[in-house]
Amino acid sequence: MDATEIGLWGVPLAMLGGAIRVSTPFIFVSLGEAITERSGRINLGLEGTLVFGAMTAYAVAVMTGSPWLGLLAAAAAGLCFGLFHGWICKFRGVNDIAIGIALMLFGSGLAFFFGKPFIQPSAPDLPAIPFGGWSDVPQVQAALNVNVLFLIGAALAVFLWWAFRNTRAGLILRVVGDSSDAARAMGLNPNTVRLIATGIGGALAGIGGAYLSLYYPGSWTEGISSGQGLMAVALVIFARWNPLGCFAAALLFGGAGALGPALQSVGVTQGYYLFYAAPYILTLVIMIATSSPSRSLAGAPGELSITK
């Protein structure tokens, strides 16, 4: 590419690289929430889980020198948060939305309290695979420098799409999510299934948090999540609880989030910051577009709180 071609392709390349980087936490949080909501439970506490997972991963990586141990610690922390949420919600009269909001605040506050000593130290990063090595153009190399968690998230989306349709565990999850009475008639315990699903969802959200602190943006700060845990809930609804749809929607959200930095990278210095609001505007538009007083959401689990 000559200088003119590089300038012409600058914004698309920057958006491609940005979409891959920004979408990765969305992928894990949305897939985790898709599992949880397929069981008939909504978890709004994933924002707190995401932040606490980011802090846990960073702290463990700083202390051990291993980003992989930090990743495992974040997954374990998310699992604990998810199991706690699932355990509380099994009691009669408990509202899962209210509990999720409480745990969101609890997780964020806990992360801020324990994370203060780790704001300054530097932690090792998770590795990335340079798929752009074939090119001499720096913009292409940067756009195709893909973190391994993105690839794992893509494979996980395909696996969950297949598992929901073709495995006994997927069938059990869908039956419990659609009708507790039908699940009990089959000899299943809905509370146990939802507890496991919520725990798995929390673990995946913790992994999403680990990506934030150990790769992009690659540091621990109190405002690291920027509401991504909450936006992921809207993303799941937009994707109609389909894992492949979650992956595609995550890329869409990631591209929207990368628009501002992409414009800045090619020298747009006036007004580009307005595009930083694109993911939030997109979330609002999606929530309005998927809401209707006269029809139910297509594909929504029957036991989900938002469908009642």
Side-chain angles (χ1 to χ4, degrees), residues 17-18 20-33 35-36 43 45-85 103-130 145-157 159 198-232 250 254 257:
I20 292 173
R21 290 191 297 271
V22 176
S23 68
T24 302
F26 282 119
I27 291 171
F28 281 94
V29 180
S30 64
L31 291 178
E33 181 64 6
I35 294 172
T36 301
N43 184 2
L46 292 182
E47 173 73 11
T49 305
L50 186 77
V51 176
F52 192 79
M55 185 280 299
T56 302
Y58 200 79
V60 172
V62 167
M63 292 186 292
T64 65
S66 171
W68 294 110
L69 287 178
L71 181 70
L72 291 175
L79 176 65
C80 292
F81 269 81
L83 292 175
F84 185 56
H85 183 281
L103 288 179
M104 174 182 66
L105 299 175
F106 176 71
S108 299
L110 209 60
F112 299 162
F113 178 78
F114 287 110
K116 289 187 181 298
F118 299 100
I119 293 178
Q120 294 298 329
S122 179
D125 291 338
L126 289 165
I129 301 175
N145 197 39
V146 181
N147 185 269
V148 66
L149 283 185
F150 176 83
L151 302 176
I152 294 174
L156 181 61
F159 171 76
T198 310
I200 294 173
L204 292 178
I207 292 174
Y211 174 89
L212 288 175
S213 60
L214 295 180
Y215 187 75
Y216 183 80
S219 62
W220 160 245
T221 61
E222 294 182 352
I224 194 170
S225 74
S226 302
Q228 292 184 38
L230 287 173
M231 285 191 286

J.: If you look at every heavy atom in Leu212 and Gln228, which pair is closest and at what distance?
T.: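 Shortest heavy-atom separation between Leu212 and Gln228 comes out as CD2-NE2, 3.9 Å.
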J.: Could you check whether any side-chain heavy atom of Leu149 comes within less than 4.5 Å of a side-chain heavy atom of Phe28, counting everything from C-beta outward?
T.: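 Counting from C-beta outward, Leu149 and Phe28 do come under 4.5 Å.
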J.: How long is the gap from CD1 on Ile27 to CG on Leu151, to the nearest 0.5 Å?
T.: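 Between atom CD1 of Ile27 and atom CG of Leu151 there are 9.5 Å.
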J.: Can you measure from CZ (Phe150) to CD1 (Ile20) and round to the nearest 0.5 angstrom?
T.: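 The CZ atom of Phe150 sits 5.0 Å away from the CD1 atom of Ile20.
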J.: Write down the atom of Phe112, the atom of Lys116, and the distance for their closest heavy-atom approach.
T.: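 Closest approach of Phe112 to Lys116: O-CG, 3.2 Å.
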J.: Between Ile207 and Ile152, is any pair of side-chain heavy atoms under 4.5 Å apart?
T.: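 No, too far: nothing below the 4.5 Å cut-off.
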J.: Identify the heavy atoms of Leu46 and Glu33 that sit nearest to each other, and give their distance.
T.: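 Taking Leu46 first and Glu33 second, the nearest heavy atoms are CD1-OE1, 3.2 Å.
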J.: Going by distance alone, is a donor N or O of one side chain under 3.5 Å from an acceptor N or O of the other, for Ser225 and Glu47?
T.: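 Yes, a side-chain donor-acceptor pair sits under 3.5 Å.
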J.: So which atom in Ala205 and which in Thr49 form the shortest heavy-atom distance, rounded to 0.1 Å?
T.: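 Looking at all heavy atoms of both residues, the closest pair is CB-CG2, 3.9 Å.
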J.: Please round to the nearest 0.5 Å and tell me the distance separating atom CG of Leu126 and atom CG of Leu214.
T.: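 Those atoms lie 5.0 Å apart.
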J.: Show the numbers, then the answer: is there a side-chain contact (heavy atoms from CB on, under 4.5 Å) between Thr36 and His85?
T.: CA-CA 11 Å; Thr36 301; His85 183 281; over 6 Å; no
J.: Would you give the length of the straight line joining atom CG of Leu103 to atom CG of Asn43, rounded to the nearest 0.5 angstrom?
T.: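 The CG atom of Asn43 is 7.5 Å from CG of Leu103, to the nearest 0.5 Å.
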J.: Atom OG of Ser23 and atom OH of Tyr211: how far apart are they, to the nearest 0.5 Å?
T.: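 It comes to 7.0 Å.
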J.: Considering residues, nucleotides and ligands other than Phe106, do more than 12 of their heavy atoms fall under 6.0 Å from its CZ?
T.: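 Open.
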J.: How many angstroms lie between atom CE of Met231 and atom OG of Ser30, to the nearest 0.5 angstrom?
T.: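 The OG atom of Ser30 is 12.0 Å from CE of Met231, to the nearest 0.5 Å.
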J.: Is the closest side-chain heavy-atom distance between Leu110 and Phe81 below 4.5 Å?
T.: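 The answer is yes, as the side chains (C-beta and beyond) meet within the 4.5 Å cut-off.
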J.: Could I get the full list of side chain to side chain contact (heavy atoms under 4.5 Å, CB included) partners for Asp125, not counting sequence neighbours?
T.: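 Asp125 satisfies side chain to side chain contact (heavy atoms under 4.5 Å, CB included) with no residue once adjacent residues are dropped.
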J.: What's the shortest heavy-atom distance between Leu79 and Gly199, and which atoms?
T.: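 Closest pair (atom of Leu79, atom of Gly199, distance): CD1-O, 3.4 Å.
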J.: Below 3.5 Å, can you tabulate the donor-acceptor pairs from side chains in residues 50-76 to any protein atom, sequence neighbours excluded?
T.:
| residue | atom | partner | partner atom | Å |
| --- | --- | --- | --- | --- |
| Thr56 | OG1 | Phe52 | O | 2.8 |
| Tyr58 | OH | Pro121 | O | 2.6 |
| Tyr58 | OH | Ala123 | N | 3.3 |
| Thr64 | OG1 | Val60 | O | 2.7 |
| Thr64 | OG1 | Ser66 | N | 3.3 |
| Ser66 | OG | Trp68 | N | 3.4 |
| Ser66 | OG | Leu69 | N | 3.2 |

J.: Which atom pair, heavy atoms only, marks the closest approach of Asn147 to Pro127?
T.: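 Heavy-atom minimum between the residues: ND2-O, 3.0 Å.
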